[in-house]
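Each remark here refers to the structure printed beneath this line.
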Amino acid sequence: MSNQTAVTEFLLLGFSDVRELQILHFVVFLALYLLSLVGNLLIFIAIALNHQLHTPMYFFLMNLSILDLGSISVTVPKSMANSLMNTRSISYSACVAQVFLFAFFASADFAILTIMAYDRYVAICQPLHYETVMNRRACVQMAASAWISVFLYSAVHTGNTFAISFCGGNMVDQFFCEIPQLLKLACSDSDLSEVGILVFSLCLTSSCFVFIIVSYVQIFTIVVRIPSEQGRHKAFSTCVPHLIVVSLFICIGTFAYLKLTFSSTSGLDLVVSVLYSVLPPMMNPIIYSMRNKELKGALSKLIGQRLFSKNKMSIFLLQ
């Protein structure tokens, strides 16, 4: 295949050729997907129905839940379907959509996490100005700006990726269409613009990372000066879940980048890809629900109401 016009489909990397292991892969991914789906939906519904949680921090957490749902829904269902049907193919258009959507959701995830760091900075370092700075209109504008800018970035990134000529066949060494793996199929002289986009992406990610670090350095500087132990604990409790999620996101992303920089086996590629594509969307709701008392209370109330409604309905039907 000398160019991209001859490519009508790509072949993804399978987890195994043994039928029993393919079924096991389907079951495991289904369990992980349902866990992520239920966790993020519960957080979204709990925040939406609880007026006490209608604050900037939880507004951005709702955005994060939506993005996590989208991120894991881009890669996992297709992989499960391929294992179930014993196939490895993905159409060219589906691969384009997968690249765009995964880049969009992953980038928007990090953008929202950066905004959440700014929200915590203003709340702790400038509490008297918090309601003015982080008013409803400002929050909506920041979230909308993140979504729109990331949409444009992902469109350019995807366009540059599929503008190249594929000289290395159509075998993608990954269980979903991943840009670095697609670039391995490119002609050596046709991916310079995409390399430029990757460098720009690295600079942009580094800028967000530095912003988050600087924000938390100032936050912790203020927190340690709070005379009340209860005040310090309350301030830390609002920051710890976000800090854990950011650390998880960055650590897995760094590991994935190092994996791409150095040669590695296909088995290691699969493990790392599962870590950064499946683990964060699944772990984020668990981290926030365990470390945030207000959210934990809202979730308990929501689940309790559902169970009470079901029991009441069962008693009514038995009468």
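This one's a predicted model, so the numbers in the text were calculated from it and none came from an experiment. Side chains included, hydrogens not; waters and symmetry mates left out as well; all remaining heavy atoms used.
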- Item | Heavy-atom side-chain contact between Trp147 and Ile112 under 4.5 Å | yes
- Any chance you could measure Ile213, atom CD1, to Ser206, atom OG, to the nearest 0.5 Å? 11.5 Å
- Looking at OG of Ser71 and CD1 of Ile66, how far apart are the two atoms once the value is rounded to the nearest 0.5 Å? 13.5 Å
- Message: If you compare all heavy atoms of Phe59 against all heavy atoms of Cys139, which two are closest, and at what distance to 0.1 Å?
- Response: CE2-O, 3.6 Å
- Query: Measuring from Leu295:CG to Leu61:CG, what's the distance to the nearest 0.5 Å?
  - Reply: 6.0 Å
- Could you check if a side-chain atom of Val274 sits within less than 4.5 angstrom of a side-chain atom of Leu279, using non-hydrogen atoms only? no
- Report yes or no: does Gln126 contribute a side-chain atom to a donor-acceptor pair with the main-chain N or O of Tyr121 at less than 3.5 Å? no
- Message: Once disulfide (SG to SG under 2.5 Å) is applied, what residue pairs with a partner in residues 40-117 remain, sequence neighbours excluded?
- Response: Cys95-Cys177
- Side-chain heavy-atom pair Val278, Ile72 within 4.5 angstrom cut-off: yes
- Query: Crowded around Glu131 CD? As in, over 12 foreign heavy atoms under 6.0 Å?
  - Reply: no
- Message: With a sphere of 6.0 Å drawn around CZ of Arg137, does it hold more than 12 non-hydrogen atoms of other residues, nucleotides or ligands?
- Response: no
- Message: Working to the nearest 0.5 angstrom, can you tell me the gap between Tyr58 OH and Thr55 OG1?
- Response: 6.0 Å
- Task: Would you please indicate if the ring centroids of Phe211 and Tyr216 are separated by under 6.0 Å?
- Result: no
- Message: Before you tell me yes or no, could you show the steps for Tyr118 and Met142 under side-chain contact (heavy atoms from CB on, under 4.5 Å), namely the whole-Å CA-CA distance, both residues' side-chain angles and the distance that decides it to 0.1 Å?
- Response: CA-CA 11 Å; Tyr118 176 70; Met142 283 188 283; 4.3 Å; yes
- Task: Could you tell me whether the side chain of Arg88 and the main chain of Leu13 form a donor-acceptor pair under 3.5 Å?
- Result: no
- Item | Joint hydrophobic cluster, Val217 plus Val240, side-chain heavy atoms closer than 4.5 Å | yes
- Other residues, nucleotides, ligands: >12 heavy atoms within 6.0 Å of Phe151 CZ: no
- Query: Can you name the nearest heavy-atom pair linking Leu12 to Phe175, along with the distance?
  - Reply: CD1-O, 3.5 Å
- Message: Count I, L, V, M, F, W, Y as connected when their side-chain heavy atoms are under 4.5 Å apart, and connections chain through other members. Are Val76 and Met85 then in the same cluster?
- Response: no
- Parallel, tilted or perpendicular: which fits the ring planes of Tyr153 and Phe200, with parallel below 30° and perpendicular above 60°? tilted
- Query: Tell me, do Phe110 and Ile212 make a side-chain contact under 4.5 Å, heavy atoms counted?
  - Reply: yes
- Do Val224 and Ile226 share a hydrophobic cluster (ILVMFWY, side-chain heavy atoms under 4.5 Å, transitive)? no
- Task: Answer with yes or no whether the hydrophobic clustering places Val214 together with Met116; edges join I, L, V, M, F, W, Y residues whose side-chain heavy atoms lie under 4.5 Å apart.
- Result: no
- Query: In the single-linkage hydrophobic clustering (I, L, V, M, F, W, Y; side-chain heavy atoms under 4.5 Å), do Ile219 and Val210 co-cluster?
  - Reply: no
- Task: Search all heavy atoms of Ser36 against all heavy atoms of Leu69 and return the closest pair with its distance.
- Result: O-CD2, 4.2 Å
- Note on the structure: Taking every heavy atom of Arg232 against every heavy atom of Pro227, the minimum-distance pair comes out as NH1-O, 3.4 Å
- Message: Heavy-atom count check: over 12 atoms from other residues, nucleotides or ligands less than 6.0 Å from Phe100 CZ?
- Response: yes
- Query: Between Met62 and Ile43, does a side-chain contact (heavy atoms from CB on, under 4.5 Å) hold up when you go through it step by step?
  - Reply: CA-CA 7 Å; Met62 286 178 65; Ile43 285 184; 5.9 Å; no
- Query: If we only count heavy atoms from C-beta on, is the Leu84 to Ile23 side-chain gap below 4.5 Å?
  - Reply: yes
- Any side-chain donor-acceptor pair under 3.5 Å between Ser79 and His25? yes
- Message: Is it the case that over 12 heavy atoms from other parts of the model lie below 6.0 angstrom from the CZ atom of Arg136?
- Response: no
- Query: Who are the side-chain hydrogen bond (donor to acceptor under 3.5 Å, both in side chains) partners of Thr87, not counting sequence neighbours?
  - Reply: Ser89
- Query: Do side-chain atoms of His129 reach the backbone of Val122 as a donor and acceptor pair under 3.5 angstrom?
  - Reply: no
- Starting from the C-alpha separation in whole Å, work towards a yes-or-no answer on side-chain contact (heavy atoms from CB on, under 4.5 Å) for Tyr288 and Leu64. CA-CA 11 Å; Tyr288 272 102; Leu64 195 65; 4.1 Å; yes
- Verify the neighbour count for atom NE2 of His54: are there more than 12 heavy atoms of other residues, nucleotides or ligands below 6.0 Å? yes
- What distance separates Ser215 OG from Phe220 CZ, expressed to the nearest 0.5 Å? 11.0 Å
- Rounded to the nearest 0.5 Å, how far does CZ of Phe105 lie from OG of Ser277? 14.0 Å
- So which heavy atom on Ser154 is nearest to which on Ala103, and how close? OG-C, 3.5 Å
- Query: Which of these, Asp17, Asn86, Asn82, sits in a side chain to side chain donor-acceptor pair (under 3.5 Å) with Gln22?
  - Reply: Asn86
- Message: Before you tell me yes or no, could you show the steps for Ile124 and Tyr130 under side-chain contact (heavy atoms from CB on, under 4.5 Å), namely the whole-Å CA-CA distance, both residues' side-chain angles and the distance that decides it to 0.1 Å?
- Response: CA-CA 9 Å; Ile124 295 174; Tyr130 183 71; over 6 Å; no
- Item | Between Asn170 and Glu9: side-chain donor-acceptor atoms closer than 3.5 Å | no
- Item | Aromatic plane relationship, Tyr92 with Phe10 - under 30° parallel, 30 to 60° tilted, over 60° perpendicular | parallel
- Item | Nearest atoms (heavy-atom pairs only) where Cys125 meets Ile222 | SG-CG1, 3.7 Å
- Query: Ignoring hydrogens and geometry, is there a side-chain-to-backbone donor-acceptor pair from Asp119 to Pro56 under 3.5 Å?
  - Reply: no
